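Working notes for the structure below.
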Amino acid sequence: MPATIVLGTQWGDEGKGKFTDLLSKEMSMVVRYQGGHNAGHTLVVDGETFALQLVPSGVLYDHIVPVIGNGVVVDPFVLLAEVDMLRRRGITTDELRVSGNAHLIMPYHQQLDALHERHLGKSKLGTTKRGIGPAYADKSMRLGVRMQDLLDESIFREKLRGTLTHTNKVLTRVFNRLPVDPDALADKVLSECLEPLAPYIADTTDLIHDALEADQHVLFEGAQATFLDLDHGTYPFVTSSNPTAGGACTGTGVGPRHLDRIIGVAKAYCTRVGAGPFPTELHDDYGNKMVDIGREYGTNTGRRRRAGWFDAVMLRHAVRLNSLTDIAVTKIDILDTFDTVKLCVAYEIDGERTEKLPYHQSEVHKAVPVYEEFPGWNTSLAACRSPKDLPSEARRFLEALEQQVGVPISLLSTGPGREEYLNLQS
Ligand code: GDP
Ligand code: IMO
Ligand code: MG
């Protein structure tokens with residue numbers, strides 16, 4: 001049975017959580033494949049808001065098996081707090097499974113993240129300080145501690161001692177900080193996390209394949225986004241994993257042959273939190289209006305997001321990088337009161353027009369957006385439930401966007417609520 005990916009096409013916070021939740025109705029299993037609790041995915045159901053960081057966004061449905069894949073980095077304390085929050089709100093997590101191969105984020109990873117940022121000073125990346133980079137660095141250095149290690153106390157202690165032999169040198173000699181006592185940390189993690197987490201730890205690759213072989217539909221939920229991808233994003237202003245479609249394969253142990261639909265979620269404009277190039281960024285009233293009306297403050301860290309017009313140059317690149325089959329456009333309603341709306345269709349770099357994202361990042365920094373301008377619709381789209389309900393101005397904007405991007409817009413979100421969307425393919 002086929003599998004579907006829902007992933008971000010811009011710099012995150014496009015509304016992946018909303019569409020993952022929406023599509024979960026038709027799925028059996030929802031799998032997070034990368035990132036960690038740097039993600040903040042918001043679901044609004046019957047007026048109730050859920051902000052999820054680690055647990056997959058399909059969790060609200062009883063029939064869904066939520067899975068945290070091997071590509072995710074997991075802070076066990078955060079995971080337990082999230083499970084607890086869900087349980088208190090009446091959501092069962094009994095079916096949740098976490099890959100034994102997922103790497104653990106430990107408190108020293110978060111300490112290092114903050115220290116690296118401080119060390120960078122003005123050049124800081126603006127990370128979420130959740131320890132994501134240092135945890136993936138340890139994974140690559142073969143110094144990481146995995147979820148399955150928790151199940152064998154002597155191995156867990158041995159691995160912590162091993163990795164801290166290295167990390168304590170960095171903490172004390174590079175950053176002039178106190179060393180971490182591996183046994184005290186092991187005591188804390190084992191006493192607080194082992195018992196509640198053990199039932200969730202599993203061979204998730206096997207589980208996912210069993211589901212696919214049983215003709216069940218599996219959804220892979222991306223965190224972060226295409227231009228925060230470690231390989232394809234605006235490096236070094238990226239996260240430390242692969243949110244692009246390939247990451248769904250390596251982060252779960254499923255080959256690309258199973259994928260039949262790859263949905264790219266895109267806001268009708270763009271936002272970015274943290275540093276890095278952003279060709280269409282606005283520093284004017286339009287930008288402030290996007291932030292104010294769109295409530296563009298991080299779900300996770302509360303930081304103000306930078307905002308700008310929709311960038312079709314980047315989206316065309318995202319279509320290629322991810323083999324997108326279709327896109328889901330969100331937050332179109334935020335543009336309801338704009339007298340005019342713009343699409344960036346090309347860049348001008350040193351006087352030359354290009355329709356492709358330049359491969360050299362210095363050029364991206366110099367890119368001047370070339371816009372197509374459209375009259376606004378000046379009416380609320382909140383009540384629109386079918387394409388014919390859309391005002392002609394909104395339709396024109398979306399047709400141009402679709403034509404620029406080159407794949408169909410299948411879904412259009414007109415508000416945060418689960419029911420606030422249009423299926424444009426029906
Ligand atoms: P994610 O990280 O991609 O899951 O996105 P976030 O949850 O971080 O940010 C998206 C925000 O926009 C959340 O607060 C959503 O509730 C909200 N949202 C999603 N779709 C829409 C929409 O179509 N209109 C409006 N007004 N809000 C939306
Ligand atoms: P969701 O899944 C938006 C950004 C950070 C920073 C960069 C690196 O909710 O879309 P990291 O902590 O990952 O090392 O930070 O990536 N970032 C996000 N921005 N949405 C996210 O997740 C993000 N996760 C990380 O702001 O610029
Ligand atoms: Mg988010």
Side-chain angles (χ1 to χ4, degrees), residues 6-22 32-45 47-54 56-57 72-73 105 109-110 112-114 116-117 124-137 221-230 233-241 243 264-278 290 293-306 328-336 380-382 384 411-422:
V6 170
L7 56 80
T9 56
Q10 295 158 329
W11 285 287
D13 305 323
E14 296 90 349
K16 299 174 289 294
K18 171 179 170 153
F19 275 121
T20 299
D21 166 69
L22 184 69
R32 269 282 303 272
Y33 58 86
Q34 45 66 237
H37 66 298
N38 48 348
H41 294 185
T42 318
L43 328 177
V44 182
V45 180
E48 242 196 289
T49 301
F50 296 85
L52 298 172
Q53 295 182 283
L54 276 168
S57 301
V72 177
V73 282
I105 297 185
H109 290 128
Q110 300 184 16
L112 284 171
D113 198 350
H116 283 300
E117 281 287 88
K124 72 175 181 183
L125 309 178
T127 74
T128 59
K129 299 196 182 139
R130 301 297 197 250
I132 306 296
Y136 278 117
E221 176 185 13
Q224 291 80 56
T226 300
F227 294 102
L228 290 173
D229 186 280
L230 182 59
T234 49
Y235 191 90
F237 304 103
V238 293
T239 192
S240 300
S241 66
V265 185
K267 263 181 212 178
Y269 50 98
C270 276
T271 61
R272 175 165 204 168
V273 214
F278 182 174
M290 287 168 186
I293 302 178
R295 299 206 195 114
E296 296 295 354
Y297 294 88
T299 307
N300 193 331
T301 58
R303 288 180 294 172
R304 188 183 205 274
R305 297 173 183 148
R306 300 152 68 195
V329 174
T330 58
K331 300 191 93 162
I332 185 87
D333 53 303
I334 304 307
L335 304 177
D336 282 354
S380 168
L381 301 186
C384 296
L411 296 159
L412 179 67
S413 175
T414 56
R418 184 188 270 170
E419 71 296 346
E420 291 177 295
Y421 79 99
L422 287 77

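All values derive from a computational prediction rather than experimental measurement. Just follow the structure's listing: the first ligand is 1, and inside any ligand the first atom is 1. Below, all heavy atoms of this structure are taken into account, side chains as well, without hydrogens, waters or symmetry copies.
For atom 27 (O) of ligand 2, the nearest non-hydrogen atom of the protein is V273 O, 3.1 Å. Atom 25 (C) of ligand 2 has its closest protein heavy atom at Q224 CG, 3.7 Å. Among protein heavy atoms, atom 13 (O) of ligand 2 sits closest to T239 OG1, 2.6 Å. The protein atom (non-hydrogen) at minimum distance from atom 16 (O) of ligand 1 is P416 CB, 3.5 Å. The protein atom (non-hydrogen) at minimum distance from atom 17 (N) of ligand 2 is L228 CD1, 3.8 Å. In terms of protein heavy-atom proximity, atom 6 (C) of ligand 2 is closest to G126 O, 3.1 Å. Of all protein heavy atoms, the one lying nearest to atom 20 (N) of ligand 2 is D13 OD1, 3.2 Å.
Considering E296, K18, E420 only, the shortest heavy-atom separation from atom 19 (C) of ligand 1 involves K18.
Only the side chain of R305 comes within 4.0 Å of ligand 1, judged by heavy-atom distances.
Of all atoms in ligand 2, numbered sequentially from 1 with element shown, those under 4.0 Å from a heavy atom of G12 are 3 (C), 10 (O), 20 (N).
Taking backbone and side-chain atoms together, A39 has no N/O/S atom less than 2.8 Å away from the Mg ion (ligand 3).
Looking at S240 next to ligand 2, no N or O pair under 3.5 Å apart turns up.
Ligand 2 has G40 within reach: a non-hydrogen atom of the residue lies less than 4.0 Å from it. Heavy-atom distances between E14 and ligand 2 stay at or above 4.0 Å for every pair. Within the 4.0 Å heavy-atom cutoff, G40 counts among the residues contacting ligand 1.
When the shell of 6.0 Å around CZ of R295 is examined, it contains 12 or fewer heavy atoms from other residues, nucleotides or ligands.
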